[in-house]
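Okay, structure first, notes after.
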2 protein chains.
Amino acid sequence: MGDGTRTSFHDVKQEVLRRIQDRIWPQGTVLPTEIKLAKEFGCARATVNRALRELSEQDILDRKRKSGTRVKIMPAKHAKFEISIVRREVEESNAVYRYALVAKNQIPAPDWLSARLKLPSEQMVLHLLCMHYSNNIPFQFEDRWINIETVPDIVEANLEAIGPNEWLLQEIPFSEAEISFSAAAADHKLADFLSLTIGAPVFQMERTTWLRDKAVTLVRMTYHQGYKMTARY
Amino acid sequence: MGDGTRTSFHDVKQEVLRRIQDRIWPQGTVLPTEIKLAKEFGCARATVNRALRELSEQDILDRKRKSGTRVKIMPAKHAKFEISIVRREVEESNAVYRYALVAKNQIPAPDWLSARLKLPSEQMVLHLLCMHYSNNIPFQFEDRWINIETVPDIVEANLEAIGPNEWLLQEIPFSEAEISFSAAAADHKLADFLSLTIGAPVFQMERTTWLRDKAVTLVRMTYHQGYKMTARY
DNA sequence: CAGTGGTCTAGACCACGGT
DNA sequence: CCGTGGTCTAGACCACTGG
């Protein structure tokens with residue numbers, strides 16, 4: 001610590017973490033106040049503050065005014081999955097990406113969709129089916145519904161060239177979404193497109209996207225057999 | 001903004017976000033420097049800095065010394081899943097949680113496990129099978145391997161009362177992990193424990209945990225049929 | 001080399017929430 | 001009430017990197 005350079009908030013973080021891992025501060029322990037720690041580490045309170053703040057953002061500490069900072073008892077771990085566009089995912093595995101638009105229909109929203117996305121009944125939506133290939137092997141089947149009201153330009157877009165996901169990401173870059181993963185059995189259509197046997201277990205990702213309380217799109221991606229979604233934390 | 005209170009980094013974040021969403025700063029735009037923004041917003045540079053730093057942590061901005069801050073072109077979205085212990089997950093759905101230890105064996109690590117966890121060959125490991133129930137309905141089947149070297153106390157632990165996950169979380173609270181989700185077909189054993197038909201698609205989560213470069217545990221959780229793992233972002 | 005973000009400091013005031 | 005974290009400020013120096 002006293003090696004000539006000033007103590008950085010990184011140093012503080014690391015030392016606090018060490019004390020937790022080494023049971024110097026077991027779970028539940030109340031840490032010294034920021035002022036005391038600042039004195040001990042020979043740095044400004046703001047430096048300690050940033051260190052502790054980041055640790056609490058990582059769910060390692062609990063901070064409350066007046067009662068102080070304590071080591072979390074049961075840290076809820078968070079797995080962070082990077083949801084990138086399919087093209088990038090394929091290309092990052094050094095494979096050749098290919099995309100095909102299978103179907104495109106502009107229709108009034110079916111009832112289940114209106115209910116799910118809180119659309120006015122008879123709202124026009126765009127229904128798309130797409131395939132994504134990795135080295136010409138089926139990689140992902142995409143079944144997507146788009147609320148035309150929120151992205152009218154989609155009707156004119158050339159979706160033969162660029163996938164709807166990429167198009168939407170350019171158009172509506174920052175939106176709210178709910179995502180879910182599940183397992184399902186391949187039905188006839190999925191088996192056809194993904195070259196599977198009917199009933200084969202497939203990994204699915206379903207995502208609903210909202211922009212300022214209005215639904216933009218609902219998509220279900222079905223992956224090729226054996227696909228794994230991986231993350232570190 | 002000029003309502004008497006000082007401008008907070010929250011205000012800055014929100015305003016910057018608004019300008020991005022309203023296409024005042026389209027994707028790729030280089031933002032004014034922190035100093036200019038601080039002047040514009042009437043606050044200190046540190047305030048702007050914190051706002052922009054947090055936005056870049058959210059993958060909305062790209063920041064580089066010298067070249068400045070720009071709006072990310074293709075923001076990689078991150079889905080953050082809270083991985084809590086099963087008991088909590090069940091209890092949060094207002095159901096009654098029950099846990100059962102099915103099998104417990106202390107054996108030398110099989111070769112595939114040694115390879116996967118980088119264990120010395122013949123390292124002793126603990127192999128556990130557990131069931132978790134929600135309202136007495138099968139909820140999750142847990143198949144776990146524990147490296148005894150890293151957590152010797154596990155041998156003495158009473159795993160009839162508390163699940164190994166909870167026990168480990170208390171003992172080794174802060175560790176590195178790799179997690180992956182996938183779909184599989186239920187084999188005979190899974191079908192038995194989870195009351196499924198053989199071949200039914202099931203959702204699986206596999207997790208490897210490391211503490212300071214040493215493997216702690218490898219676990220595969222298989223969920224009841226129809227399970228969905230959900231998150232917002 | 002010079003411009004931009006990255007960080008530290010010392011001091012100040014505020015806001016929440018136990019006692 | 002009053003202790004603790006939450007935040008802002010003004011100024012300073014540093015570190016990286018593009019030209």
Side-chain angles (χ1 to χ4, degrees), chain A residues 1-17 19-20 25-73 75-76, chain B residues 1-17 19-20 25-73 75-76:
Chain A
M1 210 77 52
D3 58 351
T5 78
R6 288 188 292 187
T7 35
S8 133
F9 74 95
H10 285 113
D11 303 330
V12 178
K13 269 178 84 167
Q14 201 172 322
E15 174 61 12
V16 170
L17 256 183
R19 292 187 188 179
I20 294 174
W25 289 336
Q27 297 171 64
T29 308
V30 178
L31 271 61
T33 67
E34 294 187 342
I35 304 197
K36 286 182 193 162
L37 286 174
K39 267 183 206 147
E40 184 197 333
F41 290 124
C43 64
R45 179 164 83 97
T47 305
V48 174
N49 180 278
R50 175 153 179 200
L52 298 189
R53 173 159 39 86
E54 292 195 356
L55 286 172
S56 84
E57 279 164 6
Q58 290 169 44
D59 264 325
I60 288 172
L61 298 177
D62 250 348
R63 317 196 74 199
K64 266 186 209 160
R65 286 160 151 133
K66 169 77 181 180
S67 45
T69 302
R70 63 178 59 220
V71 183
K72 260 214 165 176
I73 308 248
Chain B
M1 209 79 52
D3 56 352
T5 78
R6 286 187 294 186
T7 39
S8 133
F9 73 97
H10 285 114
D11 304 330
V12 178
K13 270 178 82 169
Q14 202 173 322
E15 174 62 12
V16 170
L17 256 183
R19 293 187 188 179
I20 293 174
W25 289 335
Q27 297 170 63
T29 309
V30 177
L31 271 62
T33 68
E34 295 187 342
I35 304 198
K36 285 182 193 160
L37 286 174
K39 266 184 208 149
E40 183 195 334
F41 290 125
C43 64
R45 178 163 84 96
T47 304
V48 174
N49 180 280
R50 176 154 178 200
L52 299 189
R53 174 159 40 84
E54 293 193 357
L55 287 173
S56 84
E57 278 161 8
Q58 290 169 42
D59 264 324
I60 288 172
L61 298 177
D62 250 347
R63 317 196 73 197
K64 268 186 207 157
R65 285 160 151 134
K66 170 74 182 186
S67 48
T69 301
R70 65 179 57 222
V71 183
K72 258 213 166 178
I73 308 250

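By convention in this document, chain letters (A, B, ...) are assigned in the order of the sequence lines, proteins followed by strands, and residues within each chain are numbered from 1.
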How close or far is atom P of D/dT4 from atom CG of A/Leu37, stated in whole angstroms?
12 Å

Counting side-chain heavy atoms from CB outward, which of D/dG3, C/dT9, D/dT7 is closest to B/Phe9?
D/dT7

Per atom distances to the B/Ser67 side chain, the nearest of C/dT7, D/dG18, D/dG5 is D/dG18

Side chain to side chain, B/Val30 and B/Thr69, heavy atoms closer than 4.5 Å
no

Between C/dT7 atom C1' and B/Arg63 atom CZ, what is the distance in whole Å?
12 Å

Just to confirm, is there a sub-4.0 Å distance from OP1 or OP2 of C/dT9 to any side-chain nitrogen or oxygen of A/Arg6?
no

Is any side-chain N or O of A/Asn49 closer than 4.0 Å to OP1 or OP2 of D/dG5?
no

Within less than 4.0 Å of OP1 or OP2 of D/dT9, is there a side-chain N or O belonging to B/Thr47?
yes

Find the distance B/Glu57:CD to C/dG6:P and express it as a whole number of Å.
10 Å

How long is the line joining NZ of A/Lys66 and P of D/dG6, in whole Å?
15 Å

Are A/Arg19 and A/Glu15 ion-paired here, with the side-chain N under 4.0 Å from a carboxylate O?
yes

Which residue, A/Leu52, A/Asn49, A/Val12, A/Thr47, forms the side chain to side chain contact (heavy atoms under 4.5 Å, CB included) with A/Leu37?
A/Leu52

To the nearest angstrom, how far is B/Leu55 atom CG from C/dG5 atom P?
14 Å

Rounded distance (Å) that lies between atom P of D/dG6 and atom CZ of A/Arg65:
6 Å

Distance test, side-chain N/O of B/Thr7 to OP1/OP2 of D/dC8, below 4.0 Å
no

Check whether any side-chain nitrogen or oxygen of B/Thr69 sits under 4.0 Å from OP1 or OP2 of C/dT4, and answer yes or no.
no

More 5' along DNA chain D: A/Gly68 or A/Ala46, using each one's nearest nucleotide?
A/Gly68

Would you kindly give the CZ-to-C1' distance between B/Arg53 and C/dT7, to the nearest whole Å?
9 Å

For D/dG5, take OP1 and OP2 only and decide whether either is under 4.0 Å from a side-chain N or O of A/Arg45.
no

Between the side chains of B/Arg53 and B/Glu34, is the shortest nitrogen-to-carboxylate-oxygen separation below 4.0 Å, so that they form an ion pair?
no

Would you kindly compare A/Lys64 and A/Arg50 by the position of their nearest DNA chain C nucleotide and give the one closer to the 5′ end?
A/Arg50

Return the value, rounded to whole Å, for the distance between atom CZ of A/Arg70 and atom P of C/dG18.
11 Å

Side-chain ion pair, A/Arg50 and A/Glu54, N-O less than 4.0 Å
yes

